[in-house]
Structure formats: structure tokens, C-alpha cells
Amino acid sequence: MKKNIKISMIFAAVCALMMASCSGDDNDGGDPIPDAICTDGKQNGDETGVDCGGTSCNTCPPLESTDLNGSLAEDKTLDSSKEYSLTGTFSVESGATLTIPAGTKIVSQAGTDKYIVVQKGGMIDIQGTVSAPVTMTSSNESPGDWGGLVIAGNATTTEGVDATAEVGGIKYGGSVDTDNSGSIEYLIINYAGAQINAESQYNGLTLYAVGSGTTIENVAMLNGTDDGVEFFGGTVSVTNMYLENNEDDAVDWTEGWNGTITNTYVLHSEEGFSTAAEGDGINNNPTFTNFTAVSSVGGTALQFKKESGATITGLSLAGYETKIDMKDNGPLSNIKIDGVDANPANTYIAAPSVDIATFAWVNSNTEVTTSILSGSISSDFTLDAAVTYYLSSTFSVNSGAKLTIPAGAKLIADVESGDATQTYLVVQKGAKIDIQGTESNPVIMTSTGESPGDWGGLVIAGNAITTEGVDAVAEVGGILYGGNDDADSSGSINYLVINYAGAQINAESQYNGLTLYSVGSGTTIENVAILNGKDDGVEFFGGTVSVTNYYAENNEDDAVDWTEGWSGTLTDAYLLHSSTGFSTALEGDGLNNNPKFVNLTAISTVDGTALQFKKESGATITNLYVEGYATLVDMKDNGALANVQIDGTAATTAGPYNTGTQVDVTSFAWATGN
């Protein structure tokens, strides 16, 4: 007992000495030692170490390391106020849980051994929020810097129980489809995809046999050199997923994964990626609900290997040259899209089924500025005025669908990637177009080559009458046109510029800038300019449609052409020729259904023919002004001049027709820039 008392007395003396050292007493007659203040976060007095507050001047314990590597065998919660460095493989072992609170940032060093893995039986709890997501990135901020997040579970996989992953000898797979590996909420993974070997790379998020008890919501994978997310079997589902510029597949699955992905947005703005989604192996029928994928650089959207498949509802694709690729000729019946078998001929262009604003929390700076149009649409679709669209082949608006083109939108025929004669926009019978240009923001349709004849222009087929009868076949594309509804509506066009059209179909035929097959009077066409065409500016094949405010400049055949009994009205037209070799300003052919022209001005600086009428064609023209043409009126087949009424009298070949009031060319400054 005495011995114990002696030790206690010694300890008390030491404490007293320490307290004395925290005072302001002199130090051996020298300057006084400043008072120790153990709560100010500074070293002062005779304090040592880092001041940790409180009433004692004891040295603080060493700070917890922010390096992540090695194995975690017991539960650990990171500190969101600190930035963590991934300096090696960090493995959450079976029985342990890694908790990552909202706002935590983990920065990986570069290397193939830098990744986070949650082993079978381990758990992860990522607690990000919309305002404070968890971020996993790399110090170099280069694609392929590190290995991302890997989770191994105990659900089923075609590889069996305790399969060995292609990375790190990780074991995965079992028989518990409801297995729970934890929870992920609001997570951003950036710059993953490190190269493992010549055949393999890491993904952003890799899920090995992860079970349906695991919750994964609001995740974003960006700038990976391999897949954004890859499922190796398992039953886990994901809700709200954003994938941007992953260089292989945005979404990849194999080994019989059969979970569900709900609300996925895929964005590709860099060339060279593989696919938006790729399935491989057997078909365990995973489900995709609301899948929107957008590319500004072409590429392949959906690819299925071997017997893989999926059920997809709410599919919206934009900009991909290949929509569905059956890599190994698997059955299309394995892929159900909106209730029917997949069809590689369909474009699946539709209004986005997922709003990109849902992922504003990702804070991506990438914007889609271009997209590719090809194939056909069978439901309503609206272009984005902020996006430049490239027409890579025929783009067809099918019966029952409406294409809306807002003010300021631009369509460019990409003559480098497709045959010029197969590159045009067609509105089929029963379909509609709604071009919503304005004087300050017209809709522009042009070509990459900017040469006359680059592409086929805009073609509209309607259900009004034509001398060719019902369901006549057009000279281009097998388009059907013609019926008995003269009031038929194919939509509305306002403030449209078409440039460099007129591709050669064959020795006898060419496209026009605007081709109107049996278009009915219910269609509105106003403020249209057609420039630098290889063939006609506008050609009417029957129909009853009228056009108001029309400008045509240097179209190499006819500025205005009609046939098959067109009977509409053209009001306020200005036709200009300053390049030699054109055909006419106006050409009518076939029988005379007496179309009308009100306020027609045609001016040439290079001679040529103004008005030409073939066979029995004619017209009624009011307020005609013609200047600069060597031939004013040409009755090509000696038809009756009385068929052509100009300002109330039968036409004469001598004219002159230069006393009318000119249409004000400045009213077309929106098209000419003058």
C-alpha cells in the first residue's frame, strides 16, 4: 500500500510541475514565458505539439492520415472536411463498412493499383446529396488515371460461385440475389479506366454479382477510358445515372445481369467511343426504363453480342449513325423496344425521355452542340435551336409524326459521309413539318461543301390532287403522293433558307431546293428563300398549296417550276439571276389549272429566259416586273398565249413587262444579309 501511495505522490508532483510550466513565470531570469493558452489552436508558452484545446497543455495526438490504401477490417467513417488521397488499392473487407459522408472528396494518384474495392461481405455507404455529392477523381485529371470503384457481391452470375474477377483476384458471385453491398447516393466518378493489361481496363463503376439489396441512386461517371458502368451478373438496379464521354461503353453488362436501370442520360461529344450501351452473353432480360443517349459525333448507340438482349421503354436516341448493332447476329426478338422487337432500320429519334436538368448536380461543362439526323421518325420530334444538325442520309418524317424546327435551328447536309442523292429531308403523306423561323432567326438548311447540288433539299408529299392520280410514285425515293383532299395540311413553314440543293438523281432528274408533291392548301408556306441550287428553286407537282414572300437566287434550272396541274398562288416573289447558264425564272408544264402569281419580280444581269410555258400550261400573273432577260415569254410547245394572262391581257412574246411595281428586295434581307 505504501508503495502505491508513493507512486501517486510522484505523479501528482509531475502534474503540478506541468501546470507551473503553463504559467507566465520567468525562465531562469530571462524573458518571461508567454502564458500557455490551451484553447487558441496555437503553440504558445511552453506548449509542445499541436494545441488541441481544452484545459491541459498536453501535446495533441497525431492527426489521422488522409491516405487511403491497404485493407479496412472494421467500420470506418471518413471526414467530409478532409480531402483523401488514394495512394494504393483500398479494400473494404468482409464484415467492414466504409461510410463516406456528403461532400467528401477522394483524389486518386495515377496507377493501375489505385482503386477502391468492396469485397464480398463488405459494405459501402456513400451519403452524398444533391448539393454536396461525393466525388472520386484523380490528381492528374486525365482519363484512365485510376481504377474507379469496384464492388463484389454474392448474387448469381453465369461464372458461378466465388468466380475470380479480371482485377486483383477479387472473388465474387454466389446464390443470394437479394445480397446487400450497401448504399450509394449522389456519387461522381471521374477519370477512371486504368489499363490492367492488353485486354482489360477498369471501369468507372464495376459491379461484380452485386445483389438487389444494394441501393444505387444518382451516380455519374465521366471521362473514363473504358466503360462508365459494367455489370458482371448480379441483380442490382440503378436509378438516375449520368454517363459522359466514357471511351468504351457508357453502360456494359455481361454474365447474366438482370437488374433495372431507370432514368439514364448518356452523352458523347468526343469521337472514338464504342457504344452507348453494350450487352454480352446470355439474355437474362435486364430492363431499361427511360434511356436517352445523345451523340454529336455519330457512332453506335446500342450493341448486342451473342444472345444478349434487354427490354427498353422510353428510348430516345439522337446523333448516332448506327442505332442497333447485332454484333453476332443474335435474334432481334431478344430486344424489346417500347413493346416491339428492335428494328435496326428505325432511328429511335424521339423527344428526350430523361431531362438532363436532373443531373445539374454533376456540374458538367460539356454541351451538345451538334447532332446527326438520319433514318425516320414515327412520332413527334422537336429539334433544339442550340444544336447544329448534320443530315448524313435521308431523314423521313413518317405519317402521323410532326417534325418541329424552332427559330434559329441549322441543318447541314454532310456530303462527305453520304451520297448526295440520298441526303434529303422528306415529309411523307400524313406527316407534318412545323418550321418556326423568324425574321431575326430564320431556319437554315445548307451543306458542308457549300456547292450547288450537294444535297436533295426539302421534299414534302401531300394528299391533294395531281394529274398523276392517287398514290403516285415520286421520281425520288419511291415517295407516295397525291389524293383527293385539296385542303390537306402538311404543316407550316415560316422564314426558311435552303442553300446548295439540287443533287443529280439521274440523267433526266435532279432534286430541287423545295419540292412540293400534291401539297394541299391547308399548308402554310411563307418567307422562303432558296439559293444556289443545281436545279429548281421550288417545284410544284400538282396540289393546291400557296406560297407568300418567296426569294430565289441563282438556281441553275428554274427559279419556279410547276407541273401536274398545280393550282395555288405565289404572292410577292423576287427572282434573281446573276450567274449564266440557268434555264428560266418561271416554267410551267402540263395542263393549265391556272395558278396565280401576284407581285412577281424577275431580274437578270446575264440575259436568259424569263417565262417559259410547255404543252398547254399557263397562269394568271398580276403586277409583273421583268428586267434583263433576252427572252421574255417562251411558248416552248406553241401553246396558246391566251393561257397566260398578264395584268389582265393575254401574254405577248415582245412584252415589255417592266412597268409593274417591283417587289421590295430589302424585304428579304433576312435571307440575303443585305
Side-chain angles (χ1 to χ4, degrees), residues 67-78 84-102 104-106 108 112-128 133-137 146-157 159 161-174 176-189 192-194 196 202-221 224 227-238 241 253 255 257 259:
D67 286 353
L68 298 179
N69 58 53
S71 297
L72 179 66
E74 58 186 16
D75 295 352
K76 179 181 178 68
T77 299
L78 302 187
Y84 289 84
S85 177
L86 186 65
T87 57
T89 303
F90 185 54
S91 175
V92 182
E93 303 297 329
S94 179
T97 298
L98 173 65
T99 300
I100 308 178
T104 303
K105 186 174 184 180
I106 299 173
S108 178
T112 58
D113 63 336
K114 311 299 190 297
Y115 60 94
I116 298 172
V117 55
V118 181
Q119 305 285 356
K120 278 182 64 172
M123 298 187 78
I124 191 165
D125 183 11
I126 295 177
Q127 303 173 339
V134 169
T135 302
M136 298 180 180
T137 186
W146 67 298
L149 174 60
V150 182
I151 304 177
N154 201 37
T156 55
T157 165
E159 297 300 295
V161 176
D162 283 341
T164 302
E166 60 185 352
V167 298
I170 299 166
K171 298 293 183 182
Y172 69 100
V176 184
D177 279 347
T178 58
D179 187 40
N180 183 3
S181 295
S183 175
I184 297 175
E185 184 79 13
Y186 288 103
L187 168 65
I188 300 171
I189 300 176
I196 301 168
Y202 292 92
N203 310 294
L205 177 62
T206 306
L207 302 170
Y208 284 106
V210 176
S212 61
T214 308
T215 300
I216 303 178
E217 297 180 344
N218 301 299
V219 291
M221 278 68 72
D227 304 329
V229 60
E230 183 165 8
F231 301 84
F232 291 86
T235 54
V236 67
S237 295
V238 180
M241 184 161 56
W253 71 96
E255 298 183 12
W257 171 62

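Thr164 and Lys171 form a side-chain donor-acceptor contact under 3.5 Å, judged by distance and modelled atom types alone. With no hydrogens or angles considered, no side-chain donor-acceptor pair links Thr89 and Asp113 at under 3.5 Å.
Ring geometry for Tyr172 versus Tyr208: interplanar angle of 30 to 60°, hence tilted.
The heavy-atom pair separating Tyr115 from Trp146 by the smallest distance is CA-CE3, 4.3 Å.
Evaluation of the side-chain contact (heavy atoms from CB on, under 4.5 Å) rule for Ser183 yields Asp125, Thr215 as partners, not counting sequence neighbours. Every residue two or more places apart in sequence or in another chain that forms a salt bridge (charged side-chain N to carboxylate O under 4.0 Å, His left out) with Asp162 is listed here: Lys120.
Listed for the Thr157 side chain is a donor-acceptor partner under 3.5 Å among the backbone atoms of Glu159. Between the side chain of Asp177 and the backbone N or O of Thr156 there is at least one donor-acceptor pair closer than 3.5 Å. Panel note: side chain Thr214, backbone Ser181; a donor-acceptor pair is recorded below 3.5 Å. Between the Asn69 side chain and the Gly88 main chain, no donor and acceptor come within less than 3.5 Å of each other.
Considering only heavy atoms from C-beta on, Ile151 stays 4.5 Å or farther from Val236 through its side chain.
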Item to complete: Just do the side chain to side chain donor-acceptor pair (under 3.5 Å) check on Gln119 and Ser91 with the steps written out, would you?
Response: CA-CA 7 Å; Gln119 305 285 356; Ser91 175; 3.0 Å; yes
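The CG atom of Leu98 lies 9.0 Å from the CG atom of Leu149; values are rounded to the nearest 0.5 Å.
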